[in-house]
Amino acid sequence: MATFTLNINGKEQEVDVDPSTPILWVLRDHLNLVGTKFGCGIAQCGACTIHLDGTATRACMLTVSTVGDSKITTIEGLSEKGDHPVQKAWLEEDVPQCGYCQAGQIMTASAFLDKNPNPTDGEIEMAMNGNICRCGTYTRIKKAVKLAAKS
Amino acid sequence: MTLVKTKIGRRSFIRNAGLASGGLVIGFNWLASCKMTPEQVNNLPKEWFEFNGFLKVGDNGMVTIMSPNPEIGQNVKTAMPMIVAEELDVAWKDVIVEQAPLNTDIFTRQLAGGSQSIRQGWESLRMAGATAKHMLKEAAAQAWGVSADEITVKDGVLTHQGSGNSAGFGEMASAASSIEVPEEVQLKDNGDFSIIGTDKRNVDGKKIVTGKPLFGLDVYKEGMLTAMIVHPPAFGMKFKSMNAESVKSMPGIKDVFHFEAYPDDVERQWADGGGIPELVAIVGNSTWECMQAKKALDVEWEEASKLESSAYHDEALASLLEKPQEEPAREDGNVDAAFKKATKIVESIYSAPYLAHNTMEPMNFFAHVTSEKAELLGPIQTPEFLEKTLVSRLGLPAEKIDIMMTRMGGGFGRRLYGTFAVEAASISQKMNAPVKLVYSREDDMTQGTYRPSYKVKFKAGLDEDGKLIAWHVRGAGTNDDLIFENRFPAGAVDNYLAEKHSLQSNVTTGAWRAPRSNFIAGAEQAFMDEVAEAAGKDPLEFRLELFDRAINNPVGDPEKNDYDPQRYAGVLKLVKEKANWGSETGKARGVAAYYCHNSYVAQVLELEDTDDMPRVENIWCAVDCGIVVNPLAAKNQIEGGMIDGIGHSTYSAMTFEEGKPQQSNFDNYRLMRHSEAPKNIEVFFVDNGIDPTGLGEPSLPPAIGALANALYKATGRRHYNQPFINEKPPLVG
Ligand code: FES
Ligand code: FES
């Protein structure tokens, strides 16, 4: 066990955990931030995507001891009122089916659009390829990313 | 208007003190935190009045509607309340939706399966709204001294033109809730619908996109421990021994033990499926600590039955295809004689592997079992069956077992089998503590309950005019006999023979989105193209000719045929028109149609024009599922179903060596990703006013046939064996 001070959604948070613990489980089990989802645990599905200093990162393989001062943003902290343009676009296009993958999809899309505000369809697909949706909402996700890019 | 007796499910409409607001959710406060948006909380009424098990009306006119069935992503949590709201005539914006817990006194068939929630809930949901509206009108009539028949209702407002009286539901709620429940109620004519048939966004949408706790895995409760299981590494193996001592002392670990989830004396329900009788449990403070202990734990397993490999399944299924069925499932005319007369014969074998469900949210469940009661909370498609098993497993009466459903991160049939909830309850009972059981992805993917592996052989005979005179289908699957003998083309061919076999296997299987149809439709529709080609006919016209036959002069007893040829042909004609079938686009196209879960779907699928790695560019899809409650969400289901079918038939497979699953996570089990998904999908619904039928499954099966047919056009080679990616040379990247 060791103590770590993490910067999460603009707040300093202290946790006492095993240094090998992935951020995913620190968020979920220790900080009650359950919006970041567990899907595979091996960086293959994207359900656990967070922003680490603004870059989309898989929280399931990011150990707490490697984070240091980096700023973590989770789906809960993406916007104060749930009105980030990507979140709004997701609602507008009524993207979710089961909804389980969508926090990860939104985190990937929002980090991507920050870097590439006017993407082509091909660029969107490549950026989103690490996020699986078992329900098959891919066509709507693409529409929503394009809609968010416009706003 | 239709007058209906409120007899069906009448119990549901009788008020009951136990139903009072919040009464059912006692002990489930976890859910209360995420029920409403802040705006809704501010507008909450001071008092709620219960009308029936489905709804209560607040003193400010807000209405809470309980959604009875489990939500797995099929969007019934929006659609079912829409139906209640329609008959109640409340404005949709004034509706709060809550997930109902399991309550067999009020609700019937609280089950997500067979695409039946809307179809089978249709009448009782409408009655729930209509009876409450009737009571509100009665209360207003008494207050105003007028006849209830003269009162009109719109958007939660009661109006009496003659006297100029008008009141919101909130003002009448108190008086109305004690009006007698009517013996009969009037339901609306379809033409008067103002909510049904309109686009309504997912009621949980905002919570989903902001990461609120909604799913089973999001359940965290005071004093809760986390549990993981270790199951046998191969089918055919069982627990022998383990050395748990060193693991027990690992940080955060509370206990490690071998246990029986299903002791011999437990009365199993079908929904216990392939529940593994003996497992090892690891219980600790946190998920990561349990995962670490799981890695360190050494368990010895022993062989209990044959260790089967995929090669064995393939051979055994292939040999069943050579074996006649003693009593054929269906026989019309004389196929042997017809094949002798035929001028052309087409014969092919199609196959598909086992598939895992792979819901994005792995299996999990919260359980708190004490000697007095059991509280369960989590993702389950069959809560009623789970309760029955728990009565037997825990030795508690049903009244002492509370089961609450969370939103589910996918179902696809896997959560019909509540084995994980039984395991969670067993572990909680042993620990005498609240426990959340969590499967790792590997646990989830390698524990079984798979879509069976299938093979089917078709043989068709044509006469000199290219008319189909004989059809013989013989199918086999692992633990499943695959063939629906009374489905198309039964009834459309003079000489028809259907035979089926099941291969017993210890690799456990279960319903997987559109069971059986998810393979047989694609195979049959691909074979139909082969036959049309041999007949020298356009594949779509060839199908329409067969439906003409089934409409005008059906073979055998038309009652026996499990489809309506008019509606079947209807979706084909609609998709023909929408896709402009027959026009030369220069791109490879395939068509397919199928009927399952009481709905009809036809698709035209078009591939990108590339030399290698063709990808689906366009799909036109025509659907006849009767009345569409929520078109926006309905299209989502149809799109998702097709993507699911195309993705799995192209990329996915579970295989086995000596009983051991060879795929365990998404690095070696491939699912379709963004850059492989169809680019454009257009969905068209047949508008016929028929009561609604299934929507979550029917679009998946034909997509595989349409894809196979388009691949043939693109490559000149038929694709017989799924996943198509394994066809050599690989044609789809
Ligand atoms: S859970 Fe992290 S990528 Fe799947
Ligand atoms: S919406 Fe269900 S996994 Fe994406």
Side-chain angles (χ1 to χ4, degrees), chain A residues 1 17-18 20-22 25-26 28-30 32-42 44-45 47 74-76 78-79 82 84 86-88 90-92 94-103 106 121-122 124-142, chain B residues 71-75 199 201-202 204-206 208-215 217-218 220 226 251-252 286-289 291-292 358-362 407-412 438 440-442 632-633 636-637 639-644 647 665-667 671-675 677-681:
Chain A
M1 291 292 190
V17 294
D18 185 283
S20 73
T21 312
W25 297 113
V26 173
R28 294 185 58 84
D29 281 1
H30 301 276
N32 200 23
L33 289 168
V34 298
T36 307
K37 299 300 187 214
F38 168 58
C40 68
I42 58 164
Q44 290 290 318
C45 76
T74 70
I75 185 76
E76 291 92 342
L78 185 63
S79 62
H84 185 284
V86 173
Q87 288 169 316
K88 277 170 43 187
W90 244 249
L91 291 178
E92 178 58 30
D94 201 41
V95 174
Q97 285 188 30
C98 81
Y100 192 78
C101 73
Q102 301 296 348
I106 289 170
D121 281 21
I124 295 174
E125 286 168 3
M126 288 332 281
M128 301 302 299
N129 247 4
N131 289 75
I132 296 173
C133 176
R134 169 68 176 85
C135 298
T137 62
Y138 294 131
T139 37
R140 287 197 182 196
I141 288 175
K142 194 156 52 166
Chain B
E71 172 61 60
I72 54 176
Q74 81 283 45
N75 210 16
D199 288 343
R201 293 189 160 66
N202 193 319
D204 280 340
K206 185 79 187 250
I208 290 169
V209 304
T210 52
K212 295 284 179 295
L214 284 170
F215 301 95
L217 218 48
D218 301 342
Y220 286 83
T226 298
S286 74
T287 320
W288 184 245
E289 285 165 328
M291 285 178 166
Q292 297 301 96
N358 286 330
T359 59
M360 283 312 289
E361 179 195 22
R407 188 178 182 87
M408 283 171 248
F412 312 109
V438 177
S440 69
R441 174 58 59 194
E442 289 80 4
L632 182 68
N636 211 349
Q637 289 305 300
E639 291 166 7
M642 291 189 288
I643 289 174
D644 210 4
N665 205 325
F666 300 127
D667 53 344
L671 286 175
M672 172 172 267
R673 290 177 183 270
H674 282 268
S675 65
K679 289 190 170 173
N680 307 298
I681 298 175

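Residue numbers begin at 1 in each chain, while the letters A, B, ... track the order of the sequences.
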- Non-hydrogen side-chain atoms of B:M291 and A:W25 separated by less than 4.5 Å: yes
- Determine, step by step, whether B:D667 and A:Q44 satisfy the side chain to side chain donor-acceptor pair (under 3.5 Å) criterion, reporting the C-alpha distance in whole Å, the side-chain angles of both residues, the deciding distance to 0.1 Å, and the verdict. CA-CA 6 Å; B:D667 53 344; A:Q44 290 290 318; 5.7 Å; no
- Query: Would a 4.5 Å heavy-atom cut-off, applied to side chains only, mark B:F412 and A:C98 as touching?
  - Reply: no
- Message: A side-chain contact here means heavy atoms from C-beta on lying under 4.5 Å apart; do B:D218 and A:K37 qualify?
- Response: yes
- Item | Validation row: B:K206, A:L91 side chains within 4.5 angstrom (heavy atoms) | yes
- Item | Toward chain A, the part of B:M360 with a non-hydrogen atom under 4.5 Å | both
- Once you round to the nearest 0.5 Å, how far does OG of B:S286 lie from CZ of A:R28? 12.5 Å
- Query: A:V26 versus chain B, heavy atoms under 4.5 Å apart: side chain, backbone, both or neither?
  - Reply: neither
- Task: Please round to the nearest 0.5 Å and tell me the distance separating atom OG of B:S440 and atom CD1 of A:I42.
- Result: 10.5 Å
- Message: Nearest 0.5 angstrom please: A:R134 CZ to B:E361 CD, how far?
- Response: 13.5 Å
- Task: Go through the atoms of A:M128 and report whether side chain, backbone, both or neither lie under 4.5 Å from a heavy atom of chain B.
- Result: both
- Checking A:I141 against chain B: side chain, backbone, both or neither under 4.5 Å from a heavy atom? side chain
- Task: Select one option (side chain, backbone, both, neither) describing which atoms of A:T36 are under 4.5 Å from chain B's heavy atoms.
- Result: neither
- Query: With only heavy atoms counted, which part of B:I72 is less than 4.5 Å from chain A, the side chain, the backbone, both or neither?
  - Reply: backbone
- Message: Tell me whether A:Y138 contacts the main-chain N or O of B:M672 through its side chain, where contact means a donor paired with an acceptor under 3.5 Å.
- Response: yes
- Find the one option among B:R407, B:M642, B:K679 whose heavy-atom pairs under 4.5 Å with chain A are most numerous. B:R407
- Pick one of side chain, backbone, both or neither for B:N202, based on which atoms fall under 4.5 Å of a heavy atom in chain A. both
- Note on the structure: dist B:I208:CD1 -> A:Q97:CD (nearest 0.5 Å) comes out at 10.5 Å
- Message: Test side chain to side chain contact (heavy atoms under 4.5 Å, CB included) on A:D29 and B:E289; report intermediate values, then the result.
- Response: CA-CA 11 Å; A:D29 281 1; B:E289 285 165 328; over 6 Å; no
- Salt-bridged, B:R201 to A:E92, with N to O below 4.0 Å? yes
- Message: Once rounded to the nearest 0.5 Å, what's the spacing between atom NE2 of B:H674 and atom OG1 of A:T139?
- Response: 10.0 Å
- Is chain A contacted by the side chain of B:Q74, its backbone, both, or neither, given a heavy-atom distance below 4.5 Å? neither
- Task: Determine, stepwise, if the pair B:V209 / A:Q102 fulfils side chain to side chain contact (heavy atoms under 4.5 Å, CB included).
- Result: CA-CA 7 Å; B:V209 304; A:Q102 301 296 348; 5.6 Å; no
- Going from SG on A:C45 to CG on B:N665, what distance comes out if it is rounded to the nearest 0.5 angstrom? 8.0 Å
- Under 4.5 Å heavy-atom distance to chain B, tell me which part of A:H30 shows up: side chain, backbone, both or neither. side chain
